[in-house]
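Shown next, in structure tokens, is the structure this report addresses.
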Amino acid sequence: MRILGIESSCDDTSAAVVQDGRRVLSCVVATQDAFHEKYGGVVPEIASRRHIEVIDQVMAEALEQAGVGADGLDGVAATQGPGLIGSLLVGLNYAKAFAFGRGLPFVGVNHVEAHLFAARLDERAPEPPFVGLVVSGGHTNLYHVSDPREVRLLGKTVDDAAGECLDKSAKLLGLGFPGGAALDRLAEEGDASAVPLPRPMIASGDHAFSFSGLKTAVKSTWTTPARRSKEKSWPISPPPFVAAVADVLAAKLFHAAEQTGARRIVIAGGVAASRRLRERVSREAEKRGMDLFIPDLTFCTDNAAMIAAAGTAALRAGERSDWSLDAFASLGGRGRGAS
Ligand code: KG4
Ligand code: ZN
């Protein structure tokens with residue numbers, strides 16, 4: 001079963017062809033970082049215009065690299081939401097038109113849940129039941145997956161996403177945008193306990209997260225003149241800061257595993273590319289004798305291969321989306337797993 005996936009929820013335009021939900025025949029990603037960098041964040045209007053400009057080319061490359069024409073495809077999947085509405089509409093409508101014109105089955109996919117499917121694009125794929133943490137620039141969601149079609153949201157952030165906290169802090173510290181990866185690199189060396197930082201909600205006993213306080217800690221320390229003048233280097237150095245984020249994510253993940261009795265865990269989304277987080281979680285998983293699955297680095301950040309993989313599960317289960325399917329910007333009760 002060969003499925004074409006299309007992703008355009010934020011600032012990456014991507015198309016991919018995936019066979020049997022596992023084997024990536026092609027995955028083309030056109031990033032827009034250079035267009036948004038000078039604004040220090042993604043500008044929605046620029047993002048949607050850029051998607052329109054490049055989507056034809058991205059699609060053509062994905063089909064060419066996969067060595068298939070439209071007649072070699074068994075279906076089309078596209079991100080329905082959540083994301084930037086103007087961006088979503090470009091990929092979703094392109095996918096609908098492509099599928100309709102060629103008589104192919106079509107399904108809309110939840111972007112956040114699809115991040116979990118990135119872990120299946122590997123020789124070693126997690127079999128349900130498992131607990132999955134999707135940690136990205138826009139989301140920090142904890143799921144229990146009992147079947148590829150049974151994805152239950154356990155909890156999420158009450159304010160900022162972990163990636164948003166990393167990006168905004170990195171920006172304050174002059175590391176550019178998106179700065180999560182730069183911050184993570186700087187956190188590789190140094191003393192993680194040099195500055196005591198809070199671990200927000202780490203012992204709250206539920207599955208919710210909060211990261212805005214950590215971002216504020218960076219901001220207030222950085223902008224307090226008395227503190228700045230005393231410090232020769234960084235007022236809050238990256239190792240303690242990134243360790244605080246990783247500690248909270250790991251604690252919540254293992255707490256959810258304990259509560260649900262899951263022996264397999266998945267971390268996915270852009271922040272799962274963090275070396276610090278990977279190390280922290282794999283150490284703990286090993287100690288507890290649990291199986292950890294993390295997507296390949298290229299499939300941690302936004303890509304259409306994960307959309308094709310999630311679409312494969314839906315199409316296999318007989319799900320089809322109507323041609324009137326609309327995009328949705330936030331979960332707000334829409335899409336599976338929403339709460
Ligand atoms: O999944 P993604 O590509 O987009 C969203 O759906 O949001 O995630 C992007 C996020 C950004 O916050 C970025 O800073 C972060 O992933 N990120 C990282 C690393 N690479 C990307 N964070 C920490 N360490 C990294 N190596
Ligand atoms: Zn994402």
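In each ligand, atom 1 is the first atom listed, and ligand 1 is the first ligand listed. No experiment lies behind these values; they were computed from the predicted model shown. Side chains included, hydrogens not; waters and symmetry mates left out as well; all remaining heavy atoms used.
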(request) Quick one: do Ser210 and Asp159 satisfy side chain to side chain donor-acceptor pair (under 3.5 Å)? Show the steps, please. (result) CA-CA 6 Å; Ser210 167; Asp159 42 50; 2.6 Å; yes
(message) Need the ligand 1 atom indices (1-based, order shown) with element for anything under 4.0 Å from a heavy-atom of His111.
(response) 6 (O)
(request) Provide the number and element of each atom of ligand 1 under 4.0 Å from a heavy atom of Thr301. (result) 3 (O)
(request) Report the C-alpha distance between His255 and Asp206 in whole Å, list the side-chain angles of each, state the deciding distance to 0.1 Å, and finish with yes or no for side chain to side chain donor-acceptor pair (under 3.5 Å). (result) CA-CA 9 Å; His255 174 243; Asp206 57 14; over 6 Å; no
(request) Run the numbers for me: atoms of ligand 1, each under 4.0 Å from some heavy atom of Gly163, listed by number. (result) 12 (O)
(request) Under 4.0 Å from a heavy atom of Gly137: give me the atoms of ligand 1 that qualify, with their elements. (result) 5 (C), 7 (O), 8 (O), 9 (C), 10 (C), 12 (O)
(request) Tell me which one of Leu277, Asp167, Asp12, Asn303 gets a heavy atom nearest to atom 11 (C) of ligand 1. (result) Asp167
(request) Identify, for atom 26 (N) of ligand 1, the protein heavy atom at the shortest distance, and state residue, atom and that distance. (result) Ala273 O, 3.4 Å
(request) Just jot down the ligand 1 atoms closer than 4.0 angstrom to any heavy atom of Ser274, in number order. (result) 23 (C), 24 (N), 25 (C), 26 (N)
(request) Take the angle between the ring planes of His111 and His139 and call it parallel below 30°, perpendicular above 60°, tilted in between. (result) tilted
(request) Compute the shortest N/O to N/O distance between Leu166 and ligand 1 and return yes if it is under 3.5 Å, no if not. (result) no
(message) For atom 25 (C) of ligand 1, what is the closest protein heavy atom, and at what distance to 0.1 Å?
(response) Ala181 CA, 3.5 Å
(request) Check each atom of ligand 1 against the heavy atoms of Gly138 and keep those under 4.0 Å away; list them by number with element. (result) 7 (O)
(request) Quick one: report the N, O or S atom of Asp302 that is nearest to the Zn ion (ligand 2). (result) OD1
(request) List the steps and the verdict of salt bridge (Lys or Arg N to Asp or Glu O under 4.0 Å) for Asp71 and Arg102. (result) CA-CA 8 Å; Asp71 54 351; Arg102 288 152 184 88; over 6 Å; no
(request) For His115, counting its heavy atoms only, list the atoms of ligand 1 lying under 4.0 Å from any of them. (result) 1 (O), 6 (O)
(message) Taking Lys215 first and then Glu164, would you say they form a salt bridge - that is, a charged N and a carboxylate O separated by under 4.0 Å?
(response) no
(message) Is Cys10 close enough to the Zn ion (ligand 2) that one of its N, O or S atoms comes in under 2.8 Å?
(response) no
(request) Answer yes or no: does an N/O atom from Gly180 fall short of 3.5 Å to an N/O atom of ligand 1? (result) yes
(request) Starting from atom 2 (P) of ligand 1, find the nearest protein heavy-atom neighbour and note its residue, name and distance. (result) Asp302 OD1, 3.4 Å
(request) Could you tell me whether Lys96 and Asp326 have a side-chain N and a carboxylate O separated by less than 4.0 Å? (result) no
(message) Taking 2.8 Å as the cut-off, does His139 contribute an N, O or S atom near the Zn ion (ligand 2), distance below it?
(response) no
(message) Can you tell me if Arg49 has over 12 outside heavy atoms packed within less than 6.0 Å of its CZ?
(response) no
(message) Considering both backbone and side-chain atoms of Gly270, is one of its nitrogen or oxygen atoms within less than 3.5 Å of a nitrogen or oxygen in ligand 1?
(response) yes
